[in-house]
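The structure appears below as structure tokens.
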Amino acid sequence: MNSPKRRLVAGVFALTLVAAACGGDSDGGSTEPAGDSTEAASGEPAAGGGVSGTLVGAGSSAQAAGMQGWQAGFQSLNTDATIEYDAIGSGGGRELFLSGGSDFAGSDAALKDEEFEASKERCVGDQGAINLPHYISPIAIPYNLPSVDATLNLTPEVVAGIFANTITNWNDPAIAVTNDGVELPDLNINPVHRSDESGTSENFTDYMSQSAPAVWTFGEIEIWDDGPGGGEGAQGTSGVVAAVEAGEGSIGYADASQIGSLPAAAVGVGDGFVEFSPEAAGRVVDASERNTGRNEFDFAIEVNRTPDSADVYPIALVSYHIVCLEYSDQETVDLVKAFMTYVGSEQGQADSAAAAGSAPISAEVRADMLKSIDAISVGA
């Protein structure tokens, strides 16, 4: 690494938890083989003992709860290792990583082109850093219609029309046509959106922009004031859920694990409708194209919001771990490989789901990413 690594980062905290705190099994679960002999895919060490030392990460706050599950599970398997993570936000995490202040970053966006070029200076060698989509947070569309028992089917155009304030009543024909036999109330729609800067808003508006561009003309936005205005603003996920719960006729968008007993819409995909489920949301990575032009081990994707298959739920936040392909010392290589292998394993994904309600990545994607993790090495 060309810039010196600062092991102690201001504000970084370590959470040393027990595996039981997130429901993880002590045996590490899945044992998918890793290419490196020092660890198994679950993060449990092979013969020769576990990894040791401190691994420093920072970034995405969306990953914070999932990271607690990962820390607990990994550290229970590797008792001489400590994982530190500071949830300073995705941009701050990428900046800290690129400055050499952390060993990895958590980010709700892959490295931009200029950041990838900067990673060639931060990392050893000329291959730079890679993006690993390890965390999938499904975004549900909860609504409050006590008189409606059935799950509502909403096309992308209807979702976009509601949040663009062009569809304003629940008995609108555009809603009725895909909900045959459902008695829709003559009731004003109250769309609830995030009032704060939000990666959830960014991903939700990206979905509308890609799936219904003629209706949602505002593009991908993080701050709702940059969009259509109107509706009701609420602070954070909890604020949106509370506002939807409080107002009959309200509808919003929120982390699916946080909507409680509220019903959530099925969204139009291909020729059908798909309800939210962790499995359906997890398939969005499989349905998305990997970006090209960097190196064969990079897993940055363009999230496919318009899949053809009605078993893919397309509204999800895909968050990455950003790591170097080459580090300057073997201890860091061993720690990065062991932790990222565990995170991407069946057990690691289960631990994150138990702690944060995240959706699991598929076995196929896990296997492909394992090849990238195995390529991490000490550079000259």
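All values derive from a computational prediction rather than experimental measurement.
When the shell of 6.0 Å around CD of E220 is examined, it contains more than 12 heavy atoms from other residues, nucleotides or ligands. The 12-atom threshold is not exceeded at CD of E289, counting heavy atoms of other residues, nucleotides or ligands nearer than 6.0 Å.
Applying the disulfide (SG to SG under 2.5 Å) test to residues at least two apart or on different chains, none of the pairs has a partner in residues 348-380. Contacts classified as salt bridge (Lys or Arg N to Asp or Glu O under 4.0 Å) and involving residues 198-217 (residues at least two apart or in different chains) are given here: D206-R305. Sorted by first and then second residue, the side chain to side chain donor-acceptor pair (under 3.5 Å) pairs involving residues 309-323 (not counting sequence neighbours) are Q63-S319, Q63-H321, D108-S319, H134-H321, S309-D311. Note on residues 279-354: pairs passing disulfide (SG to SG under 2.5 Å), not counting sequence neighbours, are C123-C324. Every pair tested for disulfide (SG to SG under 2.5 Å) that includes a residue from residues 170-236 fails, sequence neighbours excluded, so the list is empty. Residue pairs satisfying the disulfide (SG to SG under 2.5 Å) criterion with at least one member in residues 169-288, sequence neighbours excluded, are absent.
Hydrophobic clustering, with ILVMFWY side chains joined whenever heavy atoms are under 4.5 angstrom apart, groups M208 together with I167. Taking hydrophobic clusters as Ile, Leu, Val, Met, Phe, Trp and Tyr residues chained together by side-chain heavy-atom distances below 4.5 Å, V267 does not share a cluster with I136. Under a hydrophobic clustering in which Ile, Leu, Val, Met, Phe, Trp and Tyr are joined whenever their side-chain heavy atoms come within less than 4.5 Å, directly or via other members, L55 and L77 fall into the same cluster. Residue I259 is not grouped with residue I139 when hydrophobic side chains (ILVMFWY) are merged at heavy-atom distances under 4.5 angstrom, including chains of intermediate members. At a threshold of 4.5 Å between side-chain heavy atoms, the hydrophobic network of Ile, Leu, Val, Met, Phe, Trp and Tyr places M67 and I361 in one connected group.
A265 is linked by a side-chain contact (heavy atoms from CB on, under 4.5 Å) to I141, Y143, L154, counting only residues two or more places apart in sequence or in another chain. Applying the side chain to side chain donor-acceptor pair (under 3.5 Å) criterion to S257, with sequence neighbours excluded, gives D255. Partners of Q258 under the side chain to side chain donor-acceptor pair (under 3.5 Å) rule, at least two apart in sequence or in another chain, do not exist in this structure. Residues passing the ring-ring contact (aromatic ring centres under 6.0 Å, His included) test with Y253 are F163, F204, W224, sequence neighbours excluded. Partners of N188 under the side-chain contact (heavy atoms from CB on, under 4.5 Å) rule, at least two apart in sequence or in another chain, are N169.
Salt bridge present: K371 and D368 bring a charged side-chain N and a carboxylate O closer than 4.0 Å.
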Step by step, would you call D298 with R290 a salt bridge (charged side-chain N to carboxylate O under 4.0 Å, His left out)? CA-CA 8 Å; D298 188 45; R290 287 172 64 176; over 6 Å; no
Output, in order, the C-alpha distance, side-chain angles, deciding distance and verdict of side-chain contact (heavy atoms from CB on, under 4.5 Å) for L145 and L152. CA-CA 10 Å; L145 291 175; L152 289 182; 3.7 Å; yes
Give the C-alpha distance, both sets of side-chain angles, the deciding distance and a yes or no for side-chain hydrogen bond (donor to acceptor under 3.5 Å, both in side chains) between S362 and D286. CA-CA 7 Å; S362 71; D286 302 70; 2.6 Å; yes
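S358 and S352 share a side-chain donor-acceptor pair at under 3.5 Å. Side-chain N/O atoms of Y342 and N78 include no donor and acceptor closer than 3.5 Å.
Side chain of N179 to backbone of V182: no donor-acceptor contact under 3.5 angstrom is found.
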Determine all donor-acceptor pairs shorter than 3.5 Å in which one atom belongs to a side chain in residues 231-241; sequence neighbours excluded.
from	atom 1	to	atom 2	distance (Å)
E232	OE1	N190	ND2	2.9
T237	OG1	R194	NH1	3.4

